[in-house]
Amino acid sequence: MKFSNFKIHTYKGYVQNNFLIEADFIRNSLGRDIHDLKLTAVTHCHPDHQGAAVLLRDKYKIPAAAPRDMDLWYSGIGGRLQHLSDTLQSQFMAKQMKQNPKSESLFYKRLLHPDYKLDDRSPLPFFSDWEAVSAPGHTSHNIMFYNKKNGLLYIADTMISSRGKFLPPVPVLFPSAMKETLLKIKILKPEMILFAHSDTPIIPYSDEMIDETIRRINSKDSLFIRFFYLLSKFTGEYRRNKEHR
Ligand SMILES: [Fe+2]
């Protein structure tokens with residue numbers, strides 16, 4: 001997809017869609033060496049979103065930008081357990097999706113120590129036309145990335161799309177915060193939504209996709225889904241931010 005000053009490449013990751021923003025300077029400079037990658041931008045700590053950033057920083061010194069409090073999620077004993085649980089869940093999902101015939105270990109260092117810590121409305125380092133938008137619900141620290149000029153919103157795990165349906169992610173640990181995040185998307189009114197988990201990575205925005213997702217958050221979850229929720233509540237950050245309703 002081509003925009004005025006960058007291109008977006010989408011490709012299938014292990015369990016998620018990956019987005020690579022290619023800016024003019026990459027095209028016009030030294031070629032396409034891995035070191036031309038200026039930054040990884042991480043929305044939350046889950047293995048399918050953070051794992052590659054740790055590797056790219058350790059191996060190639062590519063800096064990472066991430067939510068300010070992200071590392072708290074996997075800190076402490078509860079955090080360690082949560083990291084183990086999330087990594088095994090991702091491994092299970094990858095197997096279900098049969099995306100990769102040979103099973104690969106998804107284990108990665110659980111703490112990123114981001115080079116750039118992002119708050120709500122922080123511009124992305126090197127890419128100031130993109131800004132972080134706080135998006136709690138899935139975890140307490142999720143963010144999305146918004147490009148106002150081109151009407152693009154990368155929502156990561158705020159919504160999932162599958163076979164034309166729009167669904168909340170698993171888990172939604174903070175349902176009230178998640179609904180507020182979804183309503184925030186309605187106010188931003190982007191032209192296009194970039195999905196991490198969808199058959200089609202980029203879909204034109206509509207208010208209906210938000211309404212449908214909120215309806216599903218309000219309805220009762222299946223036993224299978226509730227089992228996965230149980231596996232997502234080990235971290236101390238869940239208890240600290242728990243919604244009392
Ligand atoms: Fe996630």
Q. Going by heavy atoms in the side chains, are Phe127 and Lys38 under 4.5 Å from each other?
A. yes

(Q) Treating Thr213 as the side-chain partner and Pro168 as the backbone partner, does any N or O pair qualify as donor plus acceptor under 3.5 Å? (A) no

Q: Would you check if there is a donor-acceptor pair between the side chains of His138 and Asp157 at a distance under 3.5 Å?
A: yes

Q.
Quick check for you: to the nearest 0.5 Å, what is the distance between Leu223 atom CG and Arg226 atom CZ?
A. 5.0 Å

**Q.** Whichever hydrophobic residues join Ile160 through chains of side-chain contacts under 4.5 Å
**A.** Leu167

(Q) So which atom in Leu173 and which in Ser232 form the shortest heavy-atom distance, rounded to 0.1 Å? (A) CD1-O, 3.6 Å

Q. Between Ile202 and Phe195, does a side chain to side chain contact (heavy atoms under 4.5 Å, CB included) hold up when you go through it step by step?
A. CA-CA 6 Å; Ile202 301 179; Phe195 284 84; over 6 Å; no

Q. Side-chain contact, heavy-atom cut-off 4.5 Å: Glu191 with Tyr205?
A. no

Q. Which pair of non-hydrogen atoms, one from Lys179 and one from Ile214, has the smallest distance, and what is that distance?
A. CD-CG2, 3.9 Å

**Q.** Within 6.0 angstrom of Arg80 CZ, more than 12 heavy atoms from elsewhere
**A.** no

Q.
Between Glu180 (side chain only) and Pro175 (backbone N and O only), is there a donor and an acceptor less than 3.5 Å apart?
A. no

Q. Does some side-chain heavy atom of Met144 sit less than 4.5 Å from a side-chain heavy atom of Thr158?
A. yes

Q) So, does Glu131 use its side chain to make a donor-acceptor pair with the main chain of Ser122 at under 3.5 Å? A) no

Q: Can you see which heavy atom on Cys45 is nearest to which on Gln50, and at what distance?
A: O-NE2, 3.1 Å

Q.
Show the nearest heavy-atom pair for residues Pro67 and Pro114, with the distance to one decimal.
A. O-CG, 4.5 Å

Q) Are Met178 and Met209 co-members of a hydrophobic cluster defined by side-chain heavy atoms under 4.5 Å apart? A) yes

Q) Do you know the tightest heavy-atom contact between Ser176 and Glu243? A) N-OE1, 2.9 Å

Q) What distance do Lys233 atom NZ and Glu237 atom CD have between them, rounded to the nearest 0.5 Å? A) 15.5 Å

Q. Should the ring pair Tyr74 and His46 be called parallel, tilted or perpendicular, given that the plane angle runs from 0 to 90° and is split at 30 and 60?
A. tilted

Q.
Return the CD to CZ distance between Glu208 and Phe166, rounded to the nearest 0.5 Å.
A. 9.5 Å

Q) Of the non-hydrogen atoms in Pro201 and Asp199, which two are nearest, and what is the gap between them? A) CD-O, 3.9 Å

Q | Any donor-acceptor pair under 3.5 Å from Ser162 side chain to Lys165 backbone | A | no

Q | side chain to side chain contact (heavy atoms under 4.5 Å, CB included) between Leu39 and Tyr116, intermediate numbers included | A | CA-CA 10 Å; Leu39 181 79; Tyr116 300 98; 3.9 Å; yes

**Q.** Separation between CG of Leu56 and OG1 of Thr40, rounded to the nearest 0.5 Å
**A.** 6.5 Å

Q) Quick one: CD1 on Ile210 to CE on Met159, what's the gap to the nearest 0.5 Å? A) 4.0 Å

Q: Hey, could you give me the CZ/CG distance between Phe174 and Asn142, rounded to the nearest 0.5 Å?
A: 10.0 Å

**Q.** Stepwise side chain to side chain contact (heavy atoms under 4.5 Å, CB included) check, Leu152 with Leu194
**A.** CA-CA 7 Å; Leu152 298 173; Leu194 279 54; 4.0 Å; yes

Q | Any residue meeting salt bridge (charged side-chain N to carboxylate O under 4.0 Å, His left out) with Asp119, in chain and number order, not counting sequence neighbours | A | Arg68

Q.
Is the distance between the ring centroids of Phe228 and Phe224 under 6.0 Å?
A. yes

Q. Should we count CZ of Phe227 as having more than 12 external heavy atoms under 6.0 Å?
A. no

Side-chain donor/acceptor pairs under 3.5 Å, residues 181-189, sequence neighbours excluded:
residue: Thr181; atom: OG1; partner: Pro136; partner atom: O; Å: 2.8
residue: Thr181; atom: OG1; partner: Ala177; partner atom: O; Å: 3.1
residue: Lys184; atom: NZ; partner: Ser134; partner atom: O; Å: 2.7
residue: Lys186; atom: NZ; partner: Asp211; partner atom: OD1; Å: 2.7
residue: Lys189; atom: NZ; partner: Asp207; partner atom: OD1; Å: 3.0
residue: Lys189; atom: NZ; partner: Asp207; partner atom: OD2; Å: 3.2

Q.
Taking the basic N atoms (NZ, or NE/NH1/NH2) and the acidic carboxylate oxygens, is any pair closer than 4.0 Å for Arg57 and Asp115?
A. yes

Q.
Tell me whether Leu230 at atom CG has more than 12 heavy atoms from other residues, nucleotides or ligands lying less than 6.0 Å away.
A. yes

Q) Have Gln89 and Ser85 got a donor and an acceptor in their side chains that come within less than 3.5 Å? A) yes

**Q.** Heavy-atom check, side chain of Asp48 versus side chain of His197, under 4.5 Å
**A.** yes

Q: Check the hydrophobic clustering (I, L, V, M, F, W, Y; side-chain heavy atoms under 4.5 Å; chains of links allowed) and say if Val54 and Leu72 are grouped together.
A: no

Q) How far apart are the C-alpha atoms of Asp69 and Lys117, what are their side-chain angles, what is the distance that settles it, and do they pass the salt bridge (charged side-chain N to carboxylate O under 4.0 Å, His left out) test? A) CA-CA 8 Å; Asp69 291 334; Lys117 292 184 177 173; over 6 Å; no

Q) Can you find a pair of side-chain heavy atoms, one from Pro123 and one from Trp130, that are under 4.5 Å apart? A) no

Q: Test Phe145 against Val133 for side chain to side chain contact (heavy atoms under 4.5 Å, CB included), laying out the working first.
A: CA-CA 6 Å; Phe145 294 121; Val133 177; over 6 Å; no

Q) Could Arg110 and Asp71 be called an ion pair, given the rule that one side-chain N must be under 4.0 Å from one carboxylate O? A) no

**Q.** Lys148 and Asp129, any side-chain heavy atoms less than 4.5 Å apart
**A.** no

